[in-house]
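What follows is a short report on a single structure.
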Amino acid sequence: MARTHEGEDASFRRSQQRSDSLERGIRTSPASHLVLSGDRPTGDLHLGHLLGTLANRIRLQRLGVPLMLVIADYQVITDRDAVGPLRQRVRSLVADYLAAGVDPEHTAIFAHSAVPALNQLMLPFLSLVTDAELHRNPTVKAESSAADRPPSALLLTYPVHQAADILFCGATVVPVGRDQLPHLELTRVIVRRFNERYGAVFELPEALLSPVPVLLGTDGQKMSKSRGNAIALGADEDTTARLLRGAKTDSLRHITYEPRSRPEVASLLQIIASLGGRSPVEIATEIGGRGAGALKAMAAEVVNESLRPLRSRRRELLADPGYLDGVLIDGVAQANAIANETLQRVRVAMAMDYLG
Ligand code: TRP
(Lines give C-alpha, C1' and ligand atoms only; values in the text may rest on other atoms or scores of the structure.)
Protein backbone atom coordinates (compact mmCIF):
# COMPACT_ATOMS: atom_id res chain seq x y z
CA MET A 1 0.00 0.00 0.00
CA ALA A 2 2.66 2.47 1.11
CA ARG A 3 4.56 1.78 -2.09
CA THR A 4 1.52 2.54 -4.21
CA HIS A 5 0.99 5.80 -2.40
CA GLU A 6 4.61 6.78 -2.85
CA GLY A 7 4.32 5.91 -6.52
CA GLU A 8 1.13 7.94 -6.83
CA ASP A 9 2.69 10.91 -5.05
CA ALA A 10 5.73 10.82 -7.29
CA SER A 11 3.56 10.70 -10.38
CA PHE A 12 1.41 13.52 -9.01
CA ARG A 13 4.54 15.61 -8.42
CA ARG A 14 5.57 15.05 -12.02
CA SER A 15 2.11 16.08 -13.21
CA GLN A 16 2.33 19.17 -11.03
CA GLN A 17 5.72 20.09 -12.50
CA ARG A 18 4.41 19.62 -16.04
CA SER A 19 1.39 21.71 -15.16
CA ASP A 20 3.56 24.50 -13.71
CA SER A 21 5.63 24.65 -16.84
CA LEU A 22 2.45 24.60 -18.94
CA GLU A 23 1.16 27.58 -16.93
CA ARG A 24 4.37 29.49 -17.75
CA GLY A 25 3.97 28.58 -21.43
CA ILE A 26 0.39 29.85 -21.40
CA ARG A 27 1.48 33.17 -19.96
CA THR A 28 4.19 33.60 -22.58
CA SER A 29 2.04 32.70 -25.52
CA PRO A 30 -1.66 32.45 -24.65
CA ALA A 31 -3.01 32.52 -28.20
CA SER A 32 -1.05 29.42 -29.22
CA HIS A 33 -3.07 27.34 -26.77
CA LEU A 34 -6.63 26.09 -26.75
CA VAL A 35 -8.45 25.16 -23.56
CA LEU A 36 -11.28 22.67 -23.47
CA SER A 37 -13.53 22.19 -20.49
CA GLY A 38 -17.19 21.61 -19.81
CA ASP A 39 -20.06 20.58 -17.59
CA ARG A 40 -22.98 18.20 -17.60
CA PRO A 41 -26.27 20.10 -17.76
CA THR A 42 -27.69 18.41 -14.66
CA GLY A 43 -28.43 21.48 -12.56
CA ASP A 44 -27.43 25.06 -11.90
CA LEU A 45 -23.82 26.02 -11.30
CA HIS A 46 -22.98 26.91 -7.73
CA LEU A 47 -20.43 28.70 -5.57
CA GLY A 48 -18.05 25.74 -5.77
CA HIS A 49 -17.95 26.11 -9.56
CA LEU A 50 -17.59 29.88 -9.37
CA LEU A 51 -14.60 29.77 -7.03
CA GLY A 52 -13.13 26.72 -8.73
CA THR A 53 -13.41 25.72 -12.38
CA LEU A 54 -15.33 28.77 -13.56
CA ALA A 55 -12.91 31.29 -12.05
CA ASN A 56 -10.04 29.39 -13.59
CA ARG A 57 -11.61 29.31 -17.07
CA ILE A 58 -12.31 33.02 -16.95
CA ARG A 59 -8.77 33.67 -15.74
CA LEU A 60 -7.43 31.77 -18.78
CA GLN A 61 -9.83 33.57 -21.11
CA ARG A 62 -8.62 36.92 -19.77
CA LEU A 63 -5.01 35.88 -20.32
CA GLY A 64 -5.98 35.60 -24.00
CA VAL A 65 -6.34 31.82 -24.36
CA PRO A 66 -9.15 30.69 -26.68
CA LEU A 67 -11.63 28.39 -24.93
CA MET A 68 -14.16 25.75 -25.91
CA LEU A 69 -16.83 24.78 -23.40
CA VAL A 70 -18.77 21.57 -23.95
CA ILE A 71 -22.23 21.20 -22.50
CA ALA A 72 -22.09 17.44 -22.03
CA ASP A 73 -25.77 16.66 -22.62
CA TYR A 74 -25.21 13.06 -23.72
CA GLN A 75 -23.32 12.48 -20.48
CA VAL A 76 -26.42 13.24 -18.45
CA ILE A 77 -27.63 9.71 -19.20
CA THR A 78 -24.42 8.01 -18.02
CA ASP A 79 -26.18 7.37 -14.72
CA ARG A 80 -29.87 8.23 -15.13
CA ASP A 81 -32.89 7.33 -17.23
CA ALA A 82 -33.60 10.59 -19.04
CA VAL A 83 -31.87 13.80 -20.04
CA GLY A 84 -34.31 15.99 -18.06
CA PRO A 85 -35.58 19.45 -19.05
CA LEU A 86 -32.61 20.19 -21.29
CA ARG A 87 -33.81 23.35 -23.01
CA GLN A 88 -34.22 25.10 -19.69
CA ARG A 89 -31.08 23.61 -18.09
CA VAL A 90 -28.88 24.43 -21.04
CA ARG A 91 -30.12 28.03 -21.21
CA SER A 92 -29.56 28.34 -17.50
CA LEU A 93 -26.03 26.95 -17.83
CA VAL A 94 -25.20 29.33 -20.68
CA ALA A 95 -26.59 32.20 -18.55
CA ASP A 96 -24.40 31.09 -15.61
CA TYR A 97 -21.33 31.04 -17.86
CA LEU A 98 -21.96 34.43 -19.41
CA ALA A 99 -22.99 36.09 -16.16
CA ALA A 100 -19.78 34.83 -14.53
CA GLY A 101 -17.68 36.40 -17.28
CA VAL A 102 -17.37 33.88 -20.10
CA ASP A 103 -17.13 35.97 -23.26
CA PRO A 104 -18.65 34.38 -26.38
CA GLU A 105 -16.21 36.37 -28.52
CA HIS A 106 -13.38 34.26 -27.11
CA THR A 107 -15.17 31.12 -26.02
CA ALA A 108 -17.25 28.74 -28.11
CA ILE A 109 -20.02 27.06 -26.12
CA PHE A 110 -21.52 23.95 -27.74
CA ALA A 111 -23.41 20.79 -26.84
CA HIS A 112 -22.45 17.18 -27.58
CA SER A 113 -25.76 16.35 -29.18
CA ALA A 114 -25.36 19.10 -31.79
CA VAL A 115 -21.92 17.99 -33.03
CA PRO A 116 -22.29 14.55 -34.68
CA ALA A 117 -18.70 14.27 -35.96
CA LEU A 118 -17.35 14.70 -32.43
CA ASN A 119 -19.38 11.72 -31.27
CA GLN A 120 -18.31 9.63 -34.24
CA LEU A 121 -14.68 9.96 -33.14
CA MET A 122 -15.60 7.74 -30.22
CA LEU A 123 -15.75 4.69 -32.50
CA PRO A 124 -12.09 4.58 -33.59
CA PHE A 125 -11.04 5.75 -30.12
CA LEU A 126 -12.92 2.88 -28.46
CA SER A 127 -10.96 0.45 -30.62
CA LEU A 128 -7.71 1.78 -29.14
CA VAL A 129 -8.41 1.00 -25.49
CA THR A 130 -9.22 -2.23 -23.73
CA ASP A 131 -12.16 -3.08 -21.59
CA ALA A 132 -9.72 -3.71 -18.68
CA GLU A 133 -8.19 -0.22 -19.04
CA LEU A 134 -11.62 1.36 -18.80
CA HIS A 135 -12.49 -0.71 -15.73
CA ARG A 136 -9.27 0.45 -14.03
CA ASN A 137 -10.14 4.19 -14.33
CA PRO A 138 -10.48 5.39 -10.70
CA THR A 139 -13.23 7.94 -11.38
CA VAL A 140 -15.29 5.42 -13.30
CA LYS A 141 -14.77 2.92 -10.48
CA ALA A 142 -15.82 5.45 -7.85
CA GLU A 143 -18.86 6.57 -9.83
CA SER A 144 -19.92 2.99 -10.57
CA SER A 145 -19.80 2.00 -6.92
CA ALA A 146 -21.54 5.19 -5.73
CA ALA A 147 -24.44 4.67 -8.15
CA ASP A 148 -27.56 2.90 -6.96
CA ARG A 149 -27.79 0.96 -10.22
CA PRO A 150 -25.52 -1.26 -12.29
CA PRO A 151 -23.10 0.98 -14.21
CA SER A 152 -24.03 1.51 -17.85
CA ALA A 153 -21.57 1.00 -20.69
CA LEU A 154 -21.86 4.75 -21.34
CA LEU A 155 -20.52 5.42 -17.83
CA LEU A 156 -17.66 3.00 -18.49
CA THR A 157 -16.78 4.69 -21.78
CA TYR A 158 -17.30 8.32 -20.83
CA PRO A 159 -13.54 8.97 -20.45
CA VAL A 160 -13.26 8.02 -24.15
CA HIS A 161 -16.06 10.47 -24.95
CA GLN A 162 -14.09 13.05 -23.01
CA ALA A 163 -11.05 12.18 -25.15
CA ALA A 164 -13.19 12.93 -28.23
CA ASP A 165 -14.10 16.33 -26.72
CA ILE A 166 -10.48 17.17 -26.20
CA LEU A 167 -9.12 15.80 -29.48
CA PHE A 168 -11.79 16.90 -31.94
CA CYS A 169 -10.74 20.52 -31.45
CA GLY A 170 -7.04 19.89 -30.81
CA ALA A 171 -7.20 21.32 -27.29
CA THR A 172 -3.71 21.71 -25.85
CA VAL A 173 -4.76 22.44 -22.28
CA VAL A 174 -7.35 20.72 -20.11
CA PRO A 175 -7.87 22.19 -16.65
CA VAL A 176 -8.40 19.30 -14.25
CA GLY A 177 -8.50 18.52 -10.57
CA ARG A 178 -6.24 15.77 -9.27
CA ASP A 179 -9.08 13.22 -9.46
CA GLN A 180 -9.50 13.85 -13.19
CA LEU A 181 -5.85 13.22 -14.10
CA PRO A 182 -6.49 9.59 -15.15
CA HIS A 183 -8.99 10.82 -17.79
CA LEU A 184 -6.39 12.99 -19.37
CA GLU A 185 -3.87 10.17 -19.20
CA LEU A 186 -6.33 8.00 -21.14
CA THR A 187 -6.67 10.74 -23.77
CA ARG A 188 -2.88 10.80 -24.10
CA VAL A 189 -2.83 7.01 -24.47
CA ILE A 190 -5.40 7.30 -27.27
CA VAL A 191 -3.29 9.95 -29.03
CA ARG A 192 -0.13 7.83 -28.85
CA ARG A 193 -1.88 4.70 -30.10
CA PHE A 194 -3.79 6.49 -32.85
CA ASN A 195 -0.69 8.25 -34.15
CA GLU A 196 1.36 5.07 -34.01
CA ARG A 197 -1.21 3.09 -35.95
CA TYR A 198 -2.39 5.66 -38.46
CA GLY A 199 0.19 8.47 -38.59
CA ALA A 200 0.55 11.72 -36.72
CA VAL A 201 -2.93 13.24 -36.57
CA PHE A 202 -3.33 14.34 -32.94
CA GLU A 203 -1.24 16.45 -30.57
CA LEU A 204 -0.77 15.42 -26.94
CA PRO A 205 -2.94 17.59 -24.71
CA GLU A 206 -1.71 18.55 -21.25
CA ALA A 207 -3.33 18.79 -17.84
CA LEU A 208 -3.42 22.13 -16.12
CA LEU A 209 -3.79 21.22 -12.46
CA SER A 210 -5.92 23.91 -10.96
CA PRO A 211 -5.56 24.63 -7.26
CA VAL A 212 -9.32 24.45 -6.85
CA PRO A 213 -10.51 24.69 -3.27
CA VAL A 214 -13.07 21.98 -2.55
CA LEU A 215 -16.00 23.81 -1.03
CA LEU A 216 -18.30 21.94 1.30
CA GLY A 217 -22.03 22.16 0.92
CA THR A 218 -24.50 22.99 3.68
CA ASP A 219 -24.45 19.34 4.85
CA GLY A 220 -20.67 19.22 5.26
CA GLN A 221 -20.22 17.02 2.15
CA LYS A 222 -18.55 18.21 -1.05
CA MET A 223 -20.74 20.91 -2.65
CA SER A 224 -22.47 19.27 -5.58
CA LYS A 225 -25.30 19.95 -8.02
CA SER A 226 -26.90 16.61 -7.33
CA ARG A 227 -26.62 16.52 -3.52
CA GLY A 228 -28.96 19.44 -2.90
CA ASN A 229 -26.36 21.04 -0.58
CA ALA A 230 -25.18 23.83 -2.89
CA ILE A 231 -25.62 27.60 -3.04
CA ALA A 232 -26.60 28.06 -6.68
CA LEU A 233 -25.20 31.13 -8.40
CA GLY A 234 -28.75 32.02 -9.39
CA ALA A 235 -30.28 31.53 -5.91
CA ASP A 236 -32.09 34.58 -4.53
CA GLU A 237 -30.75 36.44 -1.52
CA ASP A 238 -33.27 35.03 0.98
CA THR A 239 -32.64 31.45 -0.13
CA THR A 240 -28.89 32.06 0.08
CA ALA A 241 -29.18 33.42 3.63
CA ARG A 242 -31.50 30.61 4.72
CA LEU A 243 -29.24 27.89 3.29
CA LEU A 244 -26.13 29.38 4.87
CA ARG A 245 -27.88 29.84 8.23
CA GLY A 246 -28.67 26.13 8.15
CA ALA A 247 -25.14 25.10 7.16
CA LYS A 248 -23.53 22.38 9.26
CA THR A 249 -20.73 23.60 11.53
CA ASP A 250 -19.34 22.19 14.80
CA SER A 251 -19.99 22.75 18.49
CA LEU A 252 -16.91 24.85 19.27
CA ARG A 253 -17.83 28.44 20.03
CA HIS A 254 -14.63 30.20 19.06
CA ILE A 255 -14.09 30.46 15.29
CA THR A 256 -10.67 29.34 14.07
CA TYR A 257 -9.34 28.36 10.65
CA GLU A 258 -8.35 24.70 10.88
CA PRO A 259 -9.22 23.00 7.59
CA ARG A 260 -8.28 19.51 8.81
CA SER A 261 -10.07 19.37 12.14
CA ARG A 262 -12.86 21.90 11.41
CA PRO A 263 -13.64 21.44 7.69
CA GLU A 264 -17.16 22.94 7.75
CA VAL A 265 -16.08 26.15 9.52
CA ALA A 266 -13.00 26.34 7.28
CA SER A 267 -15.13 26.06 4.15
CA LEU A 268 -17.37 28.97 5.21
CA LEU A 269 -14.27 31.02 6.00
CA GLN A 270 -12.85 30.04 2.60
CA ILE A 271 -16.00 31.29 0.83
CA ILE A 272 -15.83 34.66 2.60
CA ALA A 273 -12.09 34.89 2.00
CA SER A 274 -12.21 34.03 -1.70
CA LEU A 275 -15.06 36.43 -2.46
CA GLY A 276 -13.71 39.25 -0.30
CA GLY A 277 -10.01 38.94 -1.20
CA ARG A 278 -8.92 38.41 2.40
CA SER A 279 -7.28 35.53 4.22
CA PRO A 280 -9.42 32.97 6.07
CA VAL A 281 -7.24 33.31 9.20
CA GLU A 282 -7.84 37.06 9.33
CA ILE A 283 -11.60 36.54 9.06
CA ALA A 284 -11.56 33.82 11.74
CA THR A 285 -9.73 36.19 14.11
CA GLU A 286 -12.22 38.93 13.40
CA ILE A 287 -15.21 36.70 14.20
CA GLY A 288 -13.54 34.89 17.10
CA GLY A 289 -15.89 34.41 20.04
CA ARG A 290 -18.95 35.67 18.18
CA GLY A 291 -19.30 32.10 16.98
CA ALA A 292 -20.88 30.17 14.13
CA GLY A 293 -23.98 32.40 13.98
CA ALA A 294 -21.86 35.45 13.17
CA LEU A 295 -19.78 33.40 10.69
CA LYS A 296 -22.88 32.29 8.78
CA ALA A 297 -24.37 35.78 8.80
CA MET A 298 -21.14 37.18 7.41
CA ALA A 299 -21.03 34.44 4.76
CA ALA A 300 -24.60 35.25 3.65
CA GLU A 301 -23.83 38.96 3.48
CA VAL A 302 -20.59 38.53 1.53
CA VAL A 303 -22.07 35.97 -0.88
CA ASN A 304 -25.15 38.08 -1.57
CA GLU A 305 -23.11 41.25 -1.89
CA SER A 306 -20.50 39.77 -4.26
CA LEU A 307 -22.98 37.85 -6.41
CA ARG A 308 -25.36 40.79 -6.85
CA PRO A 309 -23.95 41.96 -10.22
CA LEU A 310 -23.65 38.39 -11.52
CA ARG A 311 -27.20 37.61 -10.48
CA SER A 312 -28.66 40.70 -12.04
CA ARG A 313 -26.81 39.97 -15.30
CA ARG A 314 -28.03 36.38 -15.10
CA ARG A 315 -31.66 37.54 -14.79
CA GLU A 316 -31.26 39.85 -17.79
CA LEU A 317 -29.78 37.02 -19.84
CA LEU A 318 -32.55 34.59 -18.91
CA ALA A 319 -35.10 37.16 -19.97
CA ASP A 320 -33.59 36.99 -23.47
CA PRO A 321 -33.58 33.29 -24.41
CA GLY A 322 -33.15 34.19 -28.08
CA TYR A 323 -29.76 35.68 -27.26
CA LEU A 324 -28.72 32.64 -25.19
CA ASP A 325 -29.76 30.27 -27.96
CA GLY A 326 -27.86 32.44 -30.45
CA VAL A 327 -24.64 32.12 -28.43
CA LEU A 328 -25.07 28.35 -28.46
CA ILE A 329 -25.92 28.25 -32.18
CA ASP A 330 -22.70 30.18 -32.95
CA GLY A 331 -20.65 27.87 -30.72
CA VAL A 332 -22.21 24.79 -32.29
CA ALA A 333 -21.42 26.08 -35.80
CA GLN A 334 -17.76 26.59 -34.83
CA ALA A 335 -17.58 23.17 -33.18
CA ASN A 336 -19.16 21.44 -36.19
CA ALA A 337 -16.75 23.06 -38.63
CA ILE A 338 -13.78 21.89 -36.55
CA ALA A 339 -15.23 18.42 -35.84
CA ASN A 340 -16.03 17.73 -39.50
CA GLU A 341 -12.54 18.70 -40.49
CA THR A 342 -10.96 16.51 -37.78
CA LEU A 343 -13.17 13.53 -38.64
CA GLN A 344 -12.17 13.86 -42.28
CA ARG A 345 -8.48 13.84 -41.33
CA VAL A 346 -9.12 10.74 -39.21
CA ARG A 347 -10.91 8.97 -42.06
CA VAL A 348 -8.07 9.78 -44.45
CA ALA A 349 -5.45 8.59 -41.93
CA MET A 350 -7.41 5.36 -41.42
CA ALA A 351 -7.99 4.91 -45.17
CA MET A 352 -11.72 5.09 -44.62
CA ASP A 353 -12.38 7.89 -47.05
CA TYR A 354 -13.18 5.48 -49.86
CA LEU A 355 -16.30 7.38 -50.84
CA GLY A 356 -14.52 10.71 -50.83
N1 TRP B 1 -17.32 15.16 -17.40
C2 TRP B 1 -17.38 16.56 -17.06
C3 TRP B 1 -18.41 16.75 -15.92
O4 TRP B 1 -19.04 15.81 -15.50
C5 TRP B 1 -17.79 17.40 -18.23
C6 TRP B 1 -16.90 17.19 -19.39
C7 TRP B 1 -17.25 16.55 -20.55
C8 TRP B 1 -15.53 17.57 -19.53
N9 TRP B 1 -16.21 16.51 -21.38
C10 TRP B 1 -15.14 17.11 -20.80
C11 TRP B 1 -14.62 18.24 -18.72
C12 TRP B 1 -13.84 17.27 -21.25
C13 TRP B 1 -13.32 18.41 -19.19
C14 TRP B 1 -12.94 17.91 -20.43
O15 TRP B 1 -18.59 17.86 -15.46
Side-chain angles (χ1 to χ4, degrees), residues 12-39 45 48-72 93-111 115 118 162-178 180-181 183-185 187-188 190-191 195 200-213 233 274-275 277 309-310 313 317 326-328 330-339 341-342 345:
F12 179 67
R13 273 198 301 279
R14 274 194 303 279
S15 304
Q16 185 68 62
Q17 280 161 5
R18 279 216 304 269
S19 170
D20 292 346
S21 106
L22 176 62
E23 176 75 38
R24 287 191 292 275
I26 292 172
R27 284 169 182 280
T28 327
S29 132
S32 66
H33 288 278
L34 175 66
V35 170
L36 180 111
S37 189
D39 297 279
L45 296 185
H49 294 109
L50 182 67
L51 300 178
T53 52
L54 207 43
N56 196 35
R57 291 169 189 167
I58 291 161
R59 179 184 76 88
L60 291 164
Q61 178 192 273
R62 292 194 175 137
L63 284 174
V65 188
L67 247 78
M68 306 223 36
L69 287 182
V70 57
I71 297 183
L93 186 54
V94 175
D96 280 337
Y97 286 156
L98 301 186
V102 169
D103 175 358
E105 292 294 315
H106 299 282
T107 299
I109 306 173
F110 65 96
V115 187
L118 181 163
Q162 202 148 308
D165 297 339
I166 296 167
L167 298 179
F168 97 90
C169 61
T172 55
V173 179
V174 187
V176 289
R178 184 174 181 166
Q180 294 267 314
L181 271 174
H183 288 353
L184 197 76
E185 205 32 64
T187 303
R188 292 167 62 90
I190 290 173
V191 168
N195 289 351
V201 170
F202 294 108
E203 303 264 350
L204 279 174
E206 294 195 74
L208 185 68
L209 275 162
S210 18
V212 168
L233 296 182
S274 309
L275 292 172
L310 181 155
R313 174 102 184 98
L317 286 160
V327 166
L328 203 54
D330 283 354
V332 162
Q334 290 178 53
N336 269 312
I338 301 169
E341 204 252 330
T342 305
R345 279 198 291 130

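A distance-only check finds a donor-acceptor pair linking the side chain of Gln61 to the backbone of Asp103 [under 3.5 Å]. No donor-acceptor pair closer than 3.5 Å links the side chain of Arg313 to the backbone N or O of Gly101. Using modelled atom types, one side-chain atom of Thr28 and one backbone atom of Arg24 make a donor-acceptor pair closer than 3.5 Å.
Residues Leu181 and Phe12 are in side-chain contact: their nearest non-hydrogen atoms beyond the backbone lie under 4.5 Å apart. At a threshold of 4.5 Å between non-hydrogen side-chain atoms, the residues Val70 and Val115 do not count as touching. Using a 4.5 Å cut-off on side-chain heavy atoms (C-beta onward), Ile71 and Phe110 make no contact. Side-chain contact between Leu67 and Val102: absent, with no pair of heavy atoms (C-beta onward) separated by less than 4.5 Å. The closest side-chain heavy-atom distance from Leu233 to Leu54 is below 4.5 Å. Residues Glu206 and Ser19 fail the side-chain proximity criterion, which asks for heavy atoms closer than 4.5 Å. The shortest distance between side-chain heavy atoms of Pro205 and Val191 falls below 4.5 Å.
Under the side-chain contact (heavy atoms from CB on, under 4.5 Å) criterion, Ala55 pairs with no residue, sequence neighbours left out. Legend: residues meeting side-chain contact (heavy atoms from CB on, under 4.5 Å) with Gln180, ordered by chain and number and at least two apart, are Thr139, Tyr158, Gln162, Val176, His183. With sequence neighbours excluded, no residue satisfies side-chain contact (heavy atoms from CB on, under 4.5 Å) with Asp330. Annotation: salt bridge (charged side-chain N to carboxylate O under 4.0 Å, His left out) contacts of Arg345 (sequence neighbours excluded): Glu341. Applying the salt bridge (charged side-chain N to carboxylate O under 4.0 Å, His left out) rule to Arg62 yields no partners; only residues at least two apart in sequence or on another chain are considered. The side-chain contact (heavy atoms from CB on, under 4.5 Å) check on Pro175 picks up Val35, Ser37, Asn56, Leu60, Ser210, with sequence neighbours excluded.
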*Test Leu184 against Ile166 for side chain to side chain contact (heavy atoms under 4.5 Å, CB included), laying out the working first.*
CA-CA 9 Å; Leu184 197 76; Ile166 296 167; 3.8 Å; yes
_Show, in sequence, the C-alpha distance, side-chain angles and deciding distance for Asp96 and His49, and conclude whether the side chain to side chain contact (heavy atoms under 4.5 Å, CB included) test is met._
CA-CA 10 Å; Asp96 280 337; His49 294 109; over 6 Å; no
*asked:* Pair Leu34, Val65 - check side chain to side chain contact (heavy atoms under 4.5 Å, CB included), show working.
replied: CA-CA 6 Å; Leu34 175 66; Val65 188; 5.9 Å; no
*Apply side chain to side chain contact (heavy atoms under 4.5 Å, CB included) to the pair Leu45 and Leu50, showing each step before the final yes or no.*
CA-CA 8 Å; Leu45 296 185; Leu50 182 67; over 6 Å; no
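For Arg14 and Glu185, the salt-bridge test fails: no basic side-chain N is under 4.0 Å from an acidic carboxylate O.
Atoms CD1 and CG, from Ile338 and Leu118 in turn, are 10.5 Å apart once rounded to the nearest 0.5 Å. In this structure, CG in Leu98 is found 10.5 Å from CG in Leu310, a value given to the nearest 0.5 Å. Going from atom CG of Leu93 over to atom CG of Leu328 covers 9.5 Å, rounded to the nearest 0.5 Å. With rounding to the nearest 0.5 angstrom, the CD1 atom of Ile26 is 9.5 Å from the OG atom of Ser21. Distance CG/Leu208 to CG/Asp20: 9.0 Å, rounded to 0.5 Å.
Taking both residues in full, the closest heavy atoms of Val201 and Asn195 are given as N-OD1, 3.0 Å, listed atom of the first, atom of the second, then distance. Between Leu36 and Ala171 the shortest heavy-atom distance is CB-CB, 3.6 Å. Taking all atoms of both residues into account, the shortest heavy-atom contact from Met68 to Cys169 is SD-CB, 3.9 Å. Closest approach of Pro30 and Pro66 over heavy atoms only: O-CD, 3.9 Å. Closest non-hydrogen pair, Glu23 versus Leu63, comes out as OE2-CD1, 4.4 Å. Ile190 approaches Ala163 most closely through the heavy-atom pair CD1-CB, 3.8 Å.
In summary, of the residues considered (Asp39, Thr107, Val327), a side-chain contact (heavy atoms from CB on, under 4.5 Å) with Tyr97 occurs for Asp39 alone.
Gln16 CD: more than 12 foreign heavy atoms inside a 6.0 Å radius.
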